[in-house]
Amino acid sequence: MTDTQLIQLARSMMERAYCPYSRFPVGAALLCEDGTVFTGCNVENAAYGSSICAERTALVKAVSEGRRGGFVKLAVAGGGEDFCWPCGACRQMLWEFAPELEVLAANGMGAFRSVPLARLLPHGFGSAQLEK
Ligand code: THU
């Protein structure tokens with residue numbers, strides 16, 4: 001799967017977004033090393049803080065299907081000119097399972113930037129810290 005294809009999948013997931021409050025649809029596509037892709041969209045709630053981002057939806061779908069590693073790339077697509085970078089909570093959740101992940105952040109114009117998660121979350125907190 002090419003980067004462009006993964007981004008296209010993320011972009012197509014924007015149609016599934018449930019975002020009546022922000023009106024900001026986001027789609028995500030998480031690629032595994034065996035080629036499997038888990039997709040997600042943001043799902044909002046009237047109690048705003050209960051909402052979940054597209055990236056975490058995709059990750060939680062993958063983990064709930066038995067995946068705990070082997071994640072290679074995550075594409076995130078939003079609208080507008082700005083690239084859709086994962087929020088802090090999503091970076092931390094992704095770090096737990098995929099510190100080596102490559103993040104492809106796309107905008108609404110079809111452009112994207114590719115950055116390692118480790119650059120988006122320097123010195124991420126992980127299970128190793130809890131053992132000391
Ligand atoms: N959102 C995502 O799903 N992913 C991001 O990377 C940024 C923000 C969602 C959360 C909320 O539903 C809406 O976009 C506006 O913040």
Side-chain angles (χ1 to χ4, degrees):
M1 158 128 352
T2 66
D3 288 356
T4 310
Q5 286 171 326
L6 195 65
I7 288 163
Q8 191 45 48
L9 258 181
R11 187 175 307 290
S12 71
M13 286 304 291
M14 290 170 66
E15 289 169 24
R16 302 250 175 101
Y18 177 73
C19 54
Y21 306 107
S22 72
R23 303 196 182 285
F24 187 77
V26 181
L30 180 61
L31 176 66
C32 304
E33 59 193 359
D34 68 356
T36 307
V37 178
F38 292 91
T39 56
C41 62
N42 52 335
V43 181
E44 296 183 349
N45 190 270
Y48 300 161
S50 304
S51 304
I52 186 166
C53 293
E55 301 91 313
R56 270 177 291 157
T57 301
L59 177 66
V60 167
K61 280 171 69 178
V63 174
S64 66
E65 291 298 320
R67 306 283 177 137
R68 294 193 173 178
F71 302 119
V72 180
K73 279 181 191 174
L74 170 76
V76 193
E81 286 180 22
D82 292 336
F83 297 110
C84 194
W85 298 107
C87 77
C90 287
R91 293 176 195 200
Q92 180 62 37
M93 280 287 284
L94 290 163
W95 184 262
E96 179 81 15
F97 298 99
E100 314 271 289
L101 193 71
E102 191 71 20
V103 176
L104 312 178
N107 68 7
M109 280 68 186
F112 74 95
R113 294 279 180 275
S114 176
V115 175
L117 177 63
R119 258 181 67 199
L120 297 177
L121 188 69
H123 309 292
F125 186 82
S127 58
Q129 265 83 33
L130 295 172
E131 285 156 18
K132 286 170 188 148

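Whatever order the structure lists them in is the order used to number ligands and atoms, beginning at 1. No hydrogens, no waters, no symmetry mates; every other heavy atom, side chains included, goes into these values. Numbering of residues begins at 1 and proceeds along the displayed sequence.
With hydrogens and angles ignored, the 3.5 Å screen pairs no side-chain donor or acceptor of R113 with any backbone N or O of F83. Judged by distance alone, the side chain of Q129 and the main-chain N or O of G126 form a donor-acceptor pair under 3.5 Å. Under the 3.5 Å distance criterion, the side-chain polar atoms of N42 are left unmatched by any main-chain donor or acceptor of S51. Proximity of a side-chain donor or acceptor of R11 to a complementary backbone N or O of N107 within less than 3.5 Å is detected. Of the possible donor and acceptor atoms, one in the side chain of Q92 sits under 3.5 Å from a partner among the backbone N and O of F125.
If you look at C84 next to ligand 1, the close heavy atoms, those under 4.0 Å, all belong to the side chain. Only the backbone of W85 comes within contact range of ligand 1, with a heavy atom under 4.0 Å; no side-chain atom does. Contacts with ligand 1 closer than 4.0 Å are made by heavy atoms of both the backbone and the side chain of C53.
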Before you tell me yes or no, could you show the steps for M93 and V63 under side chain to side chain contact (heavy atoms under 4.5 Å, CB included), namely the whole-Å CA-CA distance, both residues' side-chain angles and the distance that decides it to 0.1 Å? CA-CA 11 Å; M93 280 287 284; V63 174; over 6 Å; no

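When the heavy atoms of R56, R91, E55, E44 are ranked by distance to atom 4 (N) of ligand 1, first place goes to E55. Closest to atom 3 (O) of ligand 1 by heavy atom, among A54, A89, G27, is A54.
For atom 9 (C) of ligand 1, the nearest non-hydrogen atom of the protein is N42 ND2, 3.5 Å.
Between F97 and F71, the ring planes lie perpendicular to each other; the angle is over 60°, past the 30° to 60° tilted range.
Residue-ligand proximity: S51 is placed with every non-hydrogen atom at 4.0 Å or more from ligand 1.
Within ligand 1, the atoms closer than 4.0 Å to a non-hydrogen atom of S22 are 13 (C), 15 (C), numbered from 1 in the order shown. Applying the 4.0 Å criterion to heavy atoms of F24 picks out, from ligand 1, the atoms 13 (C), 14 (O).
Within the 4.0 angstrom cut-off, atom 12 (O) of ligand 1 has one or more protein heavy-atom neighbours.
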